[in-house]
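Notes for the one structure printed next.
Note that this is a predicted model, so its numbers are computed, not measured. Each chain gets a letter, A, B and so on, in the order its sequence line appears, and its residues count up from 1. What's counted below: heavy atoms across the whole structure, side chains too, no hydrogens, waters or symmetry copies.
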There are 2 protein chains.
Amino acid sequence: MEPIDVFKALSNETRLNILHWLKEPEKHFPKQGAHLPKEVSIKGGVCVGDIQEKAKASQSTVSHYLNMMQKAGLLESVRYGQWTYYRRNEEAIHQLAEYFKTEI
Amino acid sequence: MEPIDVFKALSNETRLNILHWLKEPEKHFPKQGAHLPKEVSIKGGVCVGDIQEKAKASQSTVSHYLNMMQKAGLLESVRYGQWTYYRRNEEAIHQLAEYFKTEI
DNA sequence: ATTGTATATCGATTTTTTTCGATATGTCAA
DNA sequence: TTGACATATCGAAAAAAATCGATATACAAT
C-alpha cells in the first residue's frame, strides 16, 4: 500500500465522494443489493452501476476510479454473477489513518 | 484547508520527503539556522535553499512545492531578511490526522 | 548606487491525469 | 446459441500538473 497512490486516489472529488458514500451504503444507495439473493451477503458492497449513477460520470471512468482505489488499497471488490460489488477496505483505511497520524 | 489540496500536495515523493525532513530539521539539515542571529528563533524552520539542496530539484520547483504545501495548510513560513523559513504547521497537520480518522 | 544573494514568479515544454466512446469479456436468461 | 446486460479494458483527446531556465523582486553589504 503505497502512500502516494493512496493520496493520488484521494485527490479527486468524485473519488472522495465514493469513499464517503460507501461509508453508509444503505443511506446513499437505497436500492443496494437488489440483484443479490438474500442468502448471499456482500456487506457494504455496492455495484458499479449504482455508483456510476450517483457519481454522474461515464461507466468507463467510474470503473477506472474504482480500480484505482482498489489498487491503492482503499476498496475491495467481490464479484457476484455479472456484478462487481465494491466496498471500503476498512482495515486498510484504519491502518492508513494510523500511518497518517504517526508518519505525516 | 481543502482536503483535496492536501491530498494533492501529498501525492508527490519529493513533497512527502520535505514534510518528513521538517519533522526533524536538526537531523536532516545540520547547518539549519546558520543565517539567523541567535536572538531570533524560527523553531523548526528551514530556509528554501537548504531544502532545495536536499531535494535535488530546481530552485523554482522547490519554491513552487513549498508554496503549494503552505496553501494546502501543511507548512507555514516566516521571512527573515532575504530568507524564507518554512516549517510544518503541526496544528493543522494534527487536525488533518483527526479528519482522516473520522471522515475518511 | 552597485553588486551579490535568496526567493518568487513567469513562460514554456514535457509528463501525467482525466475523461470519454468504442470495444472486449464475462455472465445470465430465453 | 443468441441476445441482453454489467463491467473491464483500450485508445485517444483534452485538461492539469510537473518541471525547468530565465527573469523579477527584495534585501544586504560594500
Side-chain angles (χ1 to χ4, degrees), chain A residues 2 4-19 22 29 31-37 40 42 45-72 74-87, chain B residues 2 4-19 22 29 31-37 40 42 45-72 74-87:
Chain A
E2 287 302 315
I4 288 184
D5 293 333
V6 173
F7 293 133
K8 279 184 183 171
L10 296 173
S11 299
N12 173 286
E13 187 154 16
T14 300
R15 291 191 296 264
L16 221 42
N17 283 338
I18 291 172
L19 208 57
L22 290 179
F29 304 95
K31 47 179 188 176
Q32 172 242 112
H35 323 292
L36 291 169
V40 178
I42 296 173
V46 178
C47 74
V48 180
D50 288 356
I51 297 172
Q52 187 210 334
E53 189 179 340
K54 200 166 170 70
K56 296 187 198 309
S58 77
Q59 191 270 322
S60 58
T61 295
V62 172
S63 182
H64 179 215
Y65 281 1
L66 294 170
N67 182 254
M68 164 186 306
M69 292 168 83
Q70 177 167 23
K71 276 185 179 158
L74 294 165
L75 301 183
E76 56 193 358
S77 70
V78 180
R79 188 162 243 268
Y80 183 77
Q82 38 189 161
W83 292 275
T84 305
Y85 288 82
Y86 282 90
R87 66 181 165 208
Chain B
E2 287 300 315
I4 287 185
D5 293 333
V6 173
F7 292 132
K8 279 185 183 170
L10 295 173
S11 299
N12 173 286
E13 186 154 18
T14 300
R15 291 192 296 263
L16 222 42
N17 283 338
I18 291 172
L19 208 58
L22 290 178
F29 303 94
K31 48 179 183 175
Q32 171 242 109
H35 323 293
L36 292 170
V40 179
I42 298 173
V46 178
C47 74
V48 179
D50 288 357
I51 296 172
Q52 187 210 335
E53 189 179 339
K54 201 165 170 70
K56 294 186 200 310
S58 77
Q59 191 270 321
S60 56
T61 296
V62 172
S63 182
H64 179 216
Y65 281 0
L66 294 170
N67 183 253
M68 163 186 306
M69 293 167 83
Q70 177 167 23
K71 276 184 179 157
L74 295 166
L75 301 182
E76 56 194 357
S77 70
V78 180
R79 188 161 244 269
Y80 183 78
Q82 37 190 162
W83 292 275
T84 305
Y85 289 82
Y86 282 90
R87 66 181 166 209

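One atom, NE2 of B:H64, and another, P of C:dA6, lie 22 Å apart when rounded to the nearest Å. Per the geometry, OH belonging to A:Y85 stands 13 Å off C1' belonging to C:dT27, to the nearest Å. In this structure, B:L16 atom CG and D:dA18 atom P are separated by 13 Å, rounded to whole Å. B:W83 has its CH2 atom 11 Å from the C1' atom of C:dG4, to the nearest Å. Protein atom CG of B:D5 is 13 Å distant from nucleotide atom C1' of D:dA17, rounded to whole Å. Rounded to whole Å, the distance from CD1 on B:I4 to C1' on C:dT18 is 14 Å. Rounded to whole Å, atom P of D:dT7 lies 8 Å from atom CG of A:D50. Atom-to-atom, NZ of B:K8 to C1' of C:dT17 comes out at 10 Å; the value is rounded to the nearest Å.
For B:R79, whose side chain is taken as the heavy atoms from C-beta onward, the closest listed nucleotide among D:dA17, D:dC27, D:dC20 is D:dC27. Which of C:dA8, D:dC10, D:dC5 sits closest to the side chain of B:V48 comes down to C:dA8. Proximity note for A:S60 (side chain, C-beta onward) versus C:dA22, C:dC10, C:dT18: the nearest is C:dA22. Among the nucleotides C:dG26, C:dG21, D:dT9, the one closest to any side-chain atom of A:Q82 is C:dG26. Of the listed nucleotides (C:dT9, D:dA18, C:dT7), D:dA18 has the atom at the smallest distance from the side chain of B:M68. Residue B:S63 has its side chain nearest to C:dT9 when only C:dC20, C:dT9, C:dT17 are considered.
Heavy atoms of B:N67 sit nowhere under 4.0 angstrom from any nucleic acid atom. Residue contacts for B:T84: at a heavy-atom cut-off of 4.0 Å it reaches the sugar-phosphate backbone alone, with no base atom in range.
Atom OH of residue B:Y86 and atom CG of residue B:L74 lie 12.5 Å apart, to the nearest 0.5 angstrom. Taking CG of A:L19 as the start and OG1 of A:T14 as the end, the distance is 12.5 Å to the nearest 0.5 Å.
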Begin with the C-alpha distance, continue with both residues' side-chain angles, and end with the deciding distance and a verdict on side-chain contact (heavy atoms from CB on, under 4.5 Å) for A:K71 and A:D5. CA-CA 8 Å; A:K71 276 185 179 158; A:D5 293 333; over 6 Å; no

Output, in order, the C-alpha distance, side-chain angles, deciding distance and verdict of side-chain contact (heavy atoms from CB on, under 4.5 Å) for A:D50 and A:K54. CA-CA 6 Å; A:D50 288 356; A:K54 200 166 170 70; over 6 Å; no

What do the steps show when you test B:L22 against B:F29 for side-chain contact (heavy atoms from CB on, under 4.5 Å), and what is the final call? CA-CA 9 Å; B:L22 290 178; B:F29 303 94; 4.2 Å; yes

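When the side-chain nitrogen and oxygen atoms of B:T61 are compared with OP1 and OP2 of D:dA18, none of them lie within a distance under 4.0 Å. The side chain of A:Y86 places an N or O atom within less than 4.0 Å of a non-bridging phosphate oxygen (OP1 or OP2) of D:dA8.
No side-chain donor-acceptor contact under 3.5 Å links A:R15 to the backbone of A:N17.
One cannot find a donor-acceptor pair under 3.5 Å joining the base of D:dG21 and the side-chain atoms of B:S58.
Mapping A:N12 and B:G49 onto DNA chain C by nearest heavy atom places B:G49 at the nucleotide closer to the 5' end. Along DNA chain C, the nucleotide nearest B:Q59 and the nucleotide nearest A:R15 are compared for position; the residue whose nucleotide lies closer to the 5' end is B:Q59.
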